[in-house]
2 protein chains.
Amino acid sequence: MSLSELKETLTAKGLKITPQRLALLEALENNQHPTADNIIGYIRQNHPNIAIGTVYKTLETFVEKGIIKKVKTEKDVMRYDAITDNHHHLYCSESDRIEDYFDEELNQLLTSYFAQKQIPGFQIEDVKLQILGKFKNEN
Amino acid sequence: MSLSELKETLTAKGLKITPQRLALLEALENNQHPTADNIIGYIRQNHPNIAIGTVYKTLETFVEKGIIKKVKTEKDVMRYDAITDNHHHLYCSESDRIEDYFDEELNQLLTSYFAQKQIPGFQIEDVKLQILGKFKNEN
DNA sequence: TTCTTAAACAAGAATTATTCTCATATAAGA
DNA sequence: TCTTATATGAGAATAATTCTTGTTTAAGAA
């Protein structure tokens with residue numbers, strides 16, 4: 001995203017434009033499913049004084065505004081996902097690697113399945129797959 | 001589960017039978033997707049001296065042995081699931097409630113879908129749905 | 001049954017991720 | 001340029017989890 005697009009992302013959500021928030025957005029674009037710590041390390045390369053609290057606070061703000069999402073994991077470190085389109089996640093069973101998985105055919109299959117089959121006492125808002133397995137290539 | 005079944009669960013995995021481990025198993029049977037803290041509170045009703053570290057250590061052991069599983073969440077408290085059969089999870093979008101969802105038809109649909117459609121560079125081991133939404137009834 | 005020993009436990013200290021506090025700085029509209 | 005609500009930096013505080021150490025105990029051997 002260009003600088004002006006990053007700024008537009010913020011103003012569209014009613015957020016002030018600050019260097020820290022722009023750095024966060026840029027970091028989120030360039031790191032896949034990062035932890036807060038990943039982001040801090042990345043940002044401090046160019047912006048050494050950013051405070052840890054600011055990063056956490058800003059991530060929280062972005063989640064509230066729907067700019068990013070939290071990723072569910074079995075670890076006690078939170079991870080974030082800058083992509084908010086409907087997609088699924090591939091979880092490595094041997095490491096902490098997580099990749100996005102886009103599959104429109106699957107989305108439609110799920111949509112039609114749950115359109116026809118209700119879950120008693122539950123109103124579905126979103127369905128996501130956690131696909132556990134092994135990546136064949138290193139990365 | 002009867003006491004002898006609980007004991008068999010442990011010996012089958014090569015674990016020594018201890019009162020603490022039996023209490024853990026019983027707590028896990030009677031609490032849905034509990035946190036470590038939930039379990040400690042439950043066990044201390046009858047077993048006031050169990051140490052927090054023992055609960056964490058034992059949960060870790062049970063996960064390693066496949067007796068229970070960790071449940072992925074967006075919170076920084078771990079939750080556990082005593083049911084290791086293939087099933088999915090319903091996550092409440094407004095609270096921390098999580099329920100199990102069993103659907104054999106869905107499992108077969110997913111199995112046949114991924115039998116036919118490979119994910120490039122990825123070997124699937126397990127597929128689980130995270131179903132986000134609202135519970136209609138309180139509980 | 002008693003003995004032996006590796007494994008498990010209790011208690012509390014240590015660690016780590018995250019949140020909070022508050023004084024200062026700054027974005028954005030007037 | 002001024003004003004003010006909001007954001008930030010720095011570091012303290014918190015909460016979940018892990019680690020350490022001395023003691024106890026389960027389970028097989030004698």
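Values below: all heavy atoms of this structure, side chains included; hydrogens, waters and symmetry mates excluded.
A side-chain donor from one of B/Ser93 and A/Glu125 sits under 3.5 Å from a side-chain acceptor of the other. Looking only at atom types and distance, the side chain of A/Asp100 has a donor-acceptor partner in the side chain of A/His89 under 3.5 Å away. Side chains of A/Asn38 and A/His33: no donor on one and acceptor on the other come within 3.5 Å.
Note: the hydrophobic cluster containing A/Tyr91 does not contain B/Phe122 (ILVMFWY, side chain heavy atoms under 4.5 Å, direct or indirect links). B/Ile98 and B/Leu106 fall into different hydrophobic clusters, where Ile, Leu, Val, Met, Phe, Trp and Tyr side chains are chained together by heavy-atom contacts under 4.5 Å. When hydrophobic clusters are built by joining Ile, Leu, Val, Met, Phe, Trp and Tyr residues whose side-chain heavy atoms come closer than 4.5 Å, directly or via intermediates, A/Ile43 is not grouped with A/Val77. Each of A/Val63 and A/Ile83 belongs to its own hydrophobic cluster when Ile, Leu, Val, Met, Phe, Trp and Tyr are linked at side-chain heavy-atom distances under 4.5 angstrom. Hydrophobic clustering, with ILVMFWY side chains joined whenever heavy atoms are under 4.5 angstrom apart, groups A/Phe62 together with A/Leu22.
Comparing the local axis fitted to the first five base pairs of the helix from C/dT1-D/dA30 to C/dA30-D/dT1 with the one fitted to its last five gives a bend of 30°, rounded to 10°.
Taken from CD in A/Glu26 to NE2 in A/His47, the straight-line distance is 10.5 Å, to the nearest 0.5 Å. With rounding to the nearest 0.5 angstrom, the CE atom of B/Met78 is 11.0 Å from the CD atom of B/Glu60.
Although no hydrogens or angles enter the test, the distance criterion places a donor-acceptor pair under 3.5 Å between the side chain of B/Glu29 and the main chain of B/Met1.
The side-chain hydrogen bond (donor to acceptor under 3.5 Å, both in side chains) check on A/Thr11 picks up A/Glu8, with sequence neighbours excluded.
With respect to B/Asp103 and A/Lys117, a salt bridge is recorded, a charged nitrogen being found less than 4.0 Å from a carboxylate O.
Inter-residue side-chain proximity for B/Asp126 and B/Asn86 is flagged as met; some heavy-atom pair is nearer than 4.5 Å.
Annotation: proximity of residues 48-78 of chain A to DNA chain C (heavy atom, distance under 4.0 Å) is found for A/Gly53, A/Tyr56, A/Asp76, A/Val77, A/Met78, numbered in ascending order. Annotation: proximity of residues 12-35 of chain A to DNA chain D (heavy atom, distance under 4.0 Å) is found for A/Lys16, A/Thr18, A/Gln20, A/Arg21, numbered in ascending order.
Using a 4.0 Å cutoff to heavy atoms of chain B, the contacted part of DNA chain D runs 5' to 3' from D/dA16 to D/dA27. Along DNA chain C, the stretch of nucleotides lying under 4.0 Å from any heavy atom of chain B spans, 5' to 3', C/dA6 to C/dT18.
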request  = Run the numbers on A/Thr58 and A/Thr18 for side-chain contact (heavy atoms from CB on, under 4.5 Å), then give the verdict.
outcome  = CA-CA 11 Å; A/Thr58 305; A/Thr18 70; over 6 Å; no
